[in-house]
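This report refers to the structure that appears directly beneath it.
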Protein chains: 2
Amino acid sequence: MPHRKPDKVAQLQKYIASHGLKWTSQRSVIVNRFFAPPHRHYRLEEILEKCRREDASISYATVYRTLIMLVEAGMAYQRHFGKGQSLFEPSGSHHHDHLICTDCGAIVEFENQTIEKIQEMVVKKHGFKLTHHKMELYGLCAKCQKK
Amino acid sequence: MPHRKPDKVAQLQKYIASHGLKWTSQRSVIVNRFFAPPHRHYRLEEILEKCRREDASISYATVYRTLIMLVEAGMAYQRHFGKGQSLFEPSGSHHHDHLICTDCGAIVEFENQTIEKIQEMVVKKHGFKLTHHKMELYGLCAKCQKK
DNA sequence: TTGAAATTGAAAACCACTTTCAAAAAGACC
DNA sequence: GGTCTTTTTGAAAGTGGTTTTCAATTTCAA
Ligand SMILES: [Mn+2]
Ligand SMILES: [Mn+2]
Ligand SMILES: [Zn+2]
Ligand SMILES: [Zn+2]
């Protein structure tokens with residue numbers, strides 16, 4: 001199992017250098033946590049809590065700003081499931097959509113090429129040029145159905 | 001072209017009567033505006049503004065409460081496109097998804113049975129029980145591509 | 001080592017709702 | 001009609017998740 005955290009950190013350092021930004025101890029803690037396996041969808045507060053175990057003085061604002069920076073660098077996605085807090089996830093190599101349990105919050109990722117193709121057809125039929133899409137399926141996971 | 005506003009108003013009056021609620025002049029103004037053709041996706045502020053042309057004293061809170069009531073009565077949907085304000089639309093007979101121009105905000109509705117069927121398959125494969133879904137395609141409409 | 005520029009934590013501001021509350025309106029029953 | 005209980009209203013305050021401000025601190029190129 002590849003442990004790709006160092007790659008991600010190096011990639012961000014390159015981004016930071018090329019944009020006149022600065023590498024700080026706080027950013028190091030935050031991005032190392034964020035890119036540590038397993039791949040997950042994190043609430044900001046969740047990352048903040050983890051980071052504070054390593055550096056108790058890290059602020060909400062710094063975690064917020066760092067995650068936004070990752071999104072701007074193309075290294076993270078900010079998702080808005082439902083209407084509560086947004087979730088951040090490391091951006092990976094391939095696109096995927098989400099299946100979300102409305103009871104326990106479990107998130108399953110899936111990919112379906114047929115749906116993607118049909119989307120393209122729908123868009124073309126209406127004369128649009130597609131930039132991105134959002135597809136979320138909400139329901140009860142197997143566990144929650146039994147309760 | 002059928003002008004179905006009176007039906008909707010009558011339907012809401014029946015709902016109101018059967019729930020021990022009261023019909024008011026404000027509710028009359030608001031629902032008549034909301035159900036007046038053409039079918040649209042409205043921001044709350046947009047409806048408020050229209051209603052105030054008819055009754056300048058109508059408040060934000062009353063429009064808000066009336067729209068929520070319509071949603072609870074099953075006569076409107078509240079949509080959360082992007083991250084800003086939510087949009088309300090009269091609920092119609094059949095399900096549809098949305099194609100949204102990121103430049104001018106134009107919204108096109110579409111329906112695709114194949115996508116709906118594949119969604120069911122994806123859900124079943126992961127052992128979920130689907131309750132609802134969200135599918136939005138974002139891009140540039142024909143007009144905005146020319147600019 | 002210096003110093004301009006970026007970053008930080010704390011706190012305030014922002015924004016889209018959502019709720020509270022006292023006064024007004026609705027409508028069921030005379 | 002009038003009476004009375006309940007619901008609704010507008011104004012204002014409260015909420016929650018972000019987003020910005022600002023003075024002090026840190027980074028890092030020179
Ligand atoms: Mn994901
Ligand atoms: Mn619609
Ligand atoms: Zn579940
Ligand atoms: Zn457009």
Output the rounded distance in Å from [atom1] ([X]) to [atom2] ([N]).
| X | N | atom1 | atom2 | result |
| --- | --- | --- | --- | --- |
| B:Leu48 | C:dC15 | CG | P | 17 Å |
| B:Leu67 | C:dT19 | CG | P | 15 Å |
| A:Gln26 | C:dA6 | CD | P | 17 Å |
| A:Gln13 | C:dA6 | CD | P | 19 Å |
| A:Met69 | C:dA6 | CE | P | 14 Å |

Separation of B:Leu48 CG from B:Glu46 CD (nearest 0.5 Å) = 11.0 Å

inquiry  = Nearest 0.5 Å, please: how far is NZ in B:Lys129 from SG in A:Cys101?
reply    = 13.0 Å

message = Check whether B:Lys8 reaches the backbone of B:Phe34 with its side chain - one donor and one acceptor, N or O, closer than 3.5 Å.
response = no

Answer yes or no: is there an ion pair linking [X] with [Y], defined by an N-O contact shorter than 4.0 Å?
| X | Y | value |
| --- | --- | --- |
| B:Asp103 | B:Lys143 | no |
| B:Arg53 | B:Glu49 | yes |
| A:Arg79 | A:Glu89 | yes |

query = Nearest to the side chain of A:Ala61 - C:dA4, C:dA10, C:dT19?
reply = C:dA10

message = I want to check one thing: is the phosphate of C:dC17, taken as OP1 and OP2, less than 4.0 Å away from some side-chain N or O of B:Ser86?
response = yes

message = Does C:dT18 have its OP1 or OP2 closer than 4.0 Å to a side-chain nitrogen or oxygen of B:Tyr64?
response = yes

Could you list the protein-to-nucleotides 22-24 of chain C atom pairs, N/O on both sides, closer than 3.5 Å?
none

ask   = Got a donor-acceptor pair under 3.5 Å from the side chain of B:Lys22 to the base of C:dA26?
value = yes

task = Compare every heavy atom of B:Gln78 with every heavy atom of B:Ser86, then report the nearest pair and how far apart it is.
result = OG-NE2, 3.0 Å

Which residue lies more 5' along DNA chain C, comparing B:Gln85 with B:Trp23 via nearest heavy atoms = B:Gln85

request  = Starting from the 5' end of DNA chain C, give me the residue, A:Tyr60 or B:Leu44, whose nearest nucleotide shows up first.
outcome  = A:Tyr60

task = Return the 5'-most residue of the pair B:Lys83, B:Ser59 with respect to DNA chain D, ranking by each residue's nearest nucleotide.
result = B:Ser59

message = Are B:His98 and B:Phe81, when compared by the centres of their aromatic rings, separated by less than 6.0 Å?
response = yes

message = With a 6.0 Å cut-off on the ring centroids, do A:His132 and A:His95 count as close?
response = no

query = For DNA chain D, which nucleotides open and close the run of contacts to chain A, 5' to 3', at under 4.0 angstrom from a non-hydrogen atom?
reply = D:dG17 to D:dC28

query = What does B:Arg65 touch in the nucleic acid at a heavy-atom separation under 4.0 angstrom: a base, only the sugar-phosphate, or nothing?
reply = base

request  = Just call it for A:Ile58: base, sugar-phosphate, or nothing, with non-hydrogen atoms closer than 4.0 Å on any strand.
outcome  = sugar-phosphate

